[in-house]
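Remarks on the structure that follows.
The chains referred to below are lettered A, B, ... by the order of the sequence lines, with proteins before strands, and numbering in each begins at 1.
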Amino acid sequence: MENNLFVYNTLSRKKELFEPLNPPLVGMYVCGPTVYGDAHLGHARPAITFDLVFRYLQHLGYKVRYIRNITDVGHLENDADEGEDKIAKKARLEQLEPMEVAQYFSDRYHDNMDALNVKHPSIEPRASGHIIEQMELVQKILDAGYAYEANGSVYFDVEKYNKTYHYGKLSGRVLEDLMANTRELEGQDEKRNSFDFALWKKAQPEHIMRWHSPWSEGFPGWHLECSAMSARYLGERFDIHGGGMDLLFPHHESEIAQSQAANGIEPVKYWLHNNMITINGQKMGKSLGNFIKLDEFFKGSNASLTQAYSPMTIRFFILQAHYRSPLDFSNEALQAAEKGLKRLLQGMETLQKLQPSATSTSDISQLQSKCYEAMNDDFNSPILIANLFEGVRIINSVNDKKESITAEDLALLKKLFADFVTDILGLINETSSGEQNKLIDELMDVILLLRQNARANKDFGTSDKIRDELAKISISVKDTKEGAVWNME
RNA sequence: GGUCUCGUGGCCGAGUGGCUAGGCGCCGGUCUGCAAAACCGUUGACAGCGGUUCGAAUCCGCUCGAGACCUCCA
């Protein structure tokens, strides 16, 4: 197993050589979705980013346990001052059981992820299924003296923690600055300091999701689940923790504090953060209301979209930017991605038909090295893709007899594309199977035969008429060297 | 206001001191009854000003502009 992989660690703000704690095992935890609404484009980025990480680590031979949680409790509505649970609120509004809502949106999330060819994580734990672990963690932090109880709620004592440890080491914050700049909100009298965060929250009477605990009938704080579930499945210290940059503070900072306070151990070796997707230069987010749902992309059913974009186009669009760079949405950019992806996948099809020669005009082995170099440099998928396009150019040139390739190099090139395009980038051809359209296929064969006869007789009026009429019902006909091909738009 | 990040050709997007990024578009060509598609090739940039250096998109300073976080908000 080669070990030249460098990853950018938010904790050190540097690229570091990736050395797992217990090779060949790797533990990776990524913050998953809160299931109270449909997934939008922003949700696709961490999912695809860490899918890439997961796939590449596996490709390198690591045995990865990848945990991505489902948050179905504990996140509180920010515009509801009562501290009402997002899931519970939606449930009451729609007269559903909270778990019904969570199940519904979990299923829809999974459908979206499958469409995007995102691999399933090894374990997908739910916060609601780990209330006991979370209560145990609260108790450990209380026992260690880094939390206090107030009126049935338990809060983390950030100031005390900061005397021994450093609250802010991940996000680069200094507690004194936080003290000076944190807004004082109403109804926070229970807290000793405004930046203290809830570990356990006493439920208001109208709050549906609640559990018995030593402190009150209530629910766990929103940072707690990740600490509890990562420890449960990966241990008190593990290799990789991922998530969006917007979670850096306070969520991930607080995760470190909770684990450190409870166990005295720094929980994560490498912190990886993906950047945001923006729309008109602004973060695409639920709270801003400027998001476009993934389903809307797939169907083209949103006023901001000039057309539908396939899941693979979305995937390619995201992979064409480095995960730590912001990525701006636009129809033009997506259309460019759509065409680029098509070129890449068609090149891959052409590759399967190439005939070998006695000599090679290109250095395939070097191209392969460049692909690994790109991925080893903090998962640089845009560079990888640029290298793959160089491969496409070679493929097409060989196909045009302008260049040549030996049987050995051809085999290597096929392996290169199978490894990097299919396995690592997870890009697959989504053209329809056509199984259910057998009748249409046969009808089209008849129509195209008639058209071909007309063309053979130089009766172009008839052949063009057929093509024009088919175009009216969204069937395009193109004459290629291998004969006419058709597509339903 | 505080902390941090960023500003690359028509569009998207890599690149952190000298060596072609790449994709889309444009333009030229091949192919073709025509069209489309496909393929090949070319063009074109480093926000502004100043500094360091033999040499800067890349380092430093300032100016202008944008974004993220600072809330029990993915």
Side-chain angles (χ1 to χ4, degrees), chain A residues 13 31-34 36-37 39-40 42-43 45-46 71 74-81 83-86 153 155 168 171-174 177-178 180-185 187-188 191 194-199 201 219 221-223 243-251 253-254 275-276 278 281-283 285-288 316-317 320-322 324-344 346-347 350 374 380-390 392-393 396-397 399-400 402 455 458 460 463-464 467-468 471 476-481 485 487:
Chain A
R13 315 232 163 219
C31 295
T34 304
Y36 68 114
H40 62 251
H43 291 104
R45 192 151 200 206
T71 297
H75 278 235
L76 309 169
E77 196 91 45
N78 75 338
D79 53 9
D81 289 338
E84 196 173 10
D85 191 300
K86 277 178 181 170
S153 293
Y155 295 98
S171 56
R173 279 158 215 271
V174 180
D177 294 340
L178 287 173
N181 290 298
T182 305
R183 270 192 282 165
E184 294 291 339
L185 296 177
Q188 298 204 346
K191 295 201 273 186
S194 57
F195 43 74
D196 287 350
F197 54 90
L199 297 174
K201 190 77 182 163
F219 51 94
W222 73 297
H223 307 307
M245 272 183 185
D246 54 344
L247 299 179
L248 229 155
F249 188 90
H251 184 55
E253 194 71 63
S254 301
N275 214 313
M276 300 292 103
T278 57
Q282 250 198 335
K283 171 185 165 184
K286 188 105 182 158
S287 54
L288 291 167
F316 187 71
F317 171 66
Q320 252 194 326
H322 186 76
R324 283 190 290 111
S325 298
L327 176 60
D328 198 53
F329 155 82
S330 70
N331 280 286
E332 292 76 14
L334 278 169
Q335 282 157 12
E338 185 176 53
K339 290 186 180 172
L341 173 65
K342 190 176 173 191
R343 180 172 151 81
L344 183 64
Q346 285 194 346
T350 306
N380 199 324
S381 53
I383 295 281
L384 169 62
I385 289 169
N387 287 326
L388 290 170
F389 275 115
E390 170 63 14
V392 170
R393 192 197 60 73
N396 290 329
S397 295
N399 194 44
D400 283 356
K402 287 176 184 164
R455 291 182 73 211
K458 309 269 185 209
F460 298 122
S463 70
D464 289 353
R467 187 171 64 195
D468 293 345
S476 68
V477 175
K478 293 166 192 167
D479 297 305
T480 70
K481 282 174 189 164
V485 297
N487 268 301

A:Ser463: side-chain hydrogen bond (donor to acceptor under 3.5 Å, both in side chains) partners, not counting sequence neighbours:
none

According to side-chain hydrogen bond (donor to acceptor under 3.5 Å, both in side chains), who are the partners of A:Asn275, at least two apart in sequence or on a separate chain?
none

Measure the distance from CZ on A:Phe329 to C1' on B:A66 and round it to the nearest whole Å.
19 Å

Taking only the P atom of each, what is the distance from B:A21 to B:G61 in whole angstrom?
27 Å

A:Arg455 meets the salt bridge (Lys or Arg N to Asp or Glu O under 4.0 Å) criterion, sequence neighbours left out, with A:Asp479

Quick one: A:Arg45 CZ to B:A68 C1', roughly how many Å, whole number?
13 Å

Heavy-atom nearest nucleotide on RNA chain B for A:Ala321 versus A:Arg467: which residue maps closer to 5'?
A:Ala321

Write down the distance separating the P atoms in B:C60 and B:G1, rounded off to the nearest Å.
24 Å

Pick base, sugar-phosphate or nothing for A:Thr278, based on heavy-atom distances below 4.0 Å to the nucleic acid.
nothing

Closest heavy-atom pair and its distance - A:Met245, A:Met276:
N-CE, 3.5 Å

Distance between the C1' atoms of B:A38 and B:C31, in whole angstroms?
9 Å

Assuming nearest nucleotide by heavy-atom distance, tell me which of A:Arg13 and A:His40 is located more 5' along RNA chain B.
A:Arg13

Atom-pair distance (CG on A:Asn399; P on B:A37), nearest Å:
19 Å

Think A:Lys283 has a side-chain N or O under 4.0 angstrom from the OP1 or OP2 of B:C69?
yes

Could you tell me whether A:Gly42 contacts a base, only the sugar-phosphate backbone, or nothing, with contacts defined as non-hydrogen atoms closer than 4.0 Å?
base

To the nearest 0.5 Å, what is the distance between CG (A:Leu341) and CZ (A:Phe317)?
13.0 Å

Just jot down the side chain to side chain contact (heavy atoms under 4.5 Å, CB included) partners of A:Leu247, sequence neighbours excluded, or say none.
A:Cys31, A:His251, A:His252

Enter the distance from A:Asn396:CG to A:Arg343:CZ here, rounded to the nearest 0.5 Å.
6.0 Å

A:Ser171 vs B:C4: side-chain N/O to OP1/OP2 distance below 4.0 Å:
no

B:U71 to B:G65 separation - P atoms, rounded to the nearest Å:
26 Å

Could you tell me how far apart A:Phe195 (CZ) and B:U3 (P) are, to the nearest whole angstrom?
17 Å

Between protein and nucleotides 22-29 of chain B, map the contacts as a letter string: B base, S sugar-phosphate only, - none, heavy atoms under 4.0 Å, written 5' to 3'.
SBSS----

To the nearest Å, give me how far apart CG (A:Asp464) and C1' (B:A36) are.
12 Å

In this structure, how many angstroms lie between the C1' atom of B:A68 and the CZ atom of A:Arg324, rounded?
15 Å

If you check the A:Asp246 side chain, which of B:A38, B:C69, B:A14 turns out closest?
B:C69

Stems for RNA chain B (at least 3 consecutive Watson-Crick or G-U pairs, under 3.5 Å) come to B:1-7 with B:64-70, B:10-12 with B:22-24, B:27-30 with B:38-41, B:47-51 with B:59-63

Going by the rule ring-ring contact (aromatic ring centres under 6.0 Å, His included), which residues pair with A:His322 if we only count those two or more places apart in sequence or in a different chain?
none

Pairing residues for A:Phe197 by the ring-ring contact (aromatic ring centres under 6.0 Å, His included) criterion, not counting sequence neighbours
A:Phe156, A:His223

Using the P atoms only, state how far B:G48 lies from B:C11, rounded to an integer number of Å.
15 Å

For the pair made of CE in A:Met276 and C1' in B:A66, what is the distance, rounded to whole Å?
16 Å

For a quick test of reading the model: is some side-chain N or O of A:Asn396 closer than 4.0 Å to OP1 or OP2 of B:C40?
yes

Which is true for A:Leu388 with a 4.0 Å heavy-atom rule: it touches a base, it touches only sugar-phosphate, or it touches nothing?
nothing

Answer with base, sugar-phosphate or nothing: what part of the nucleic acid does A:Leu247 contact at a heavy-atom distance below 4.0 Å?
sugar-phosphate

Scan A:Arg393 against the nucleic acid and name what it touches under 4.0 Å (heavy atoms): base, sugar-phosphate only, or nothing.
sugar-phosphate

Taking B:C34, B:C40, B:A14 as options, the one with an atom nearest any side-chain atom of A:Asp479 is B:C34

Which whole number of Å gives the distance between the C1' atom of B:U52 and that of B:G44?
30 Å

Could you list all the salt bridge (charged side-chain N to carboxylate O under 4.0 Å, His left out) pairs where at least one residue sits in residues 324-336 of chain A, not counting sequence neighbours?
A:Arg324-A:Asp378

Measure the CZ-CZ distance between A:Phe460 and A:Arg467 for me, rounded to the nearest 0.5 Å.
10.5 Å

Which value, rounded to the nearest 0.5 Å, describes the distance between A:Asn331 atom CG and A:Glu338 atom CD?
10.5 Å

Rounded C1' spacing from B:G17 to B:G29 in Å
39 Å

Atom-to-atom span, CG of A:Asn275 to C1' of B:C4 - whole angstrom
12 Å

For nucleotides B:A47 and B:G7, find the distance between their P atoms and express it as a whole number of Å.
8 Å

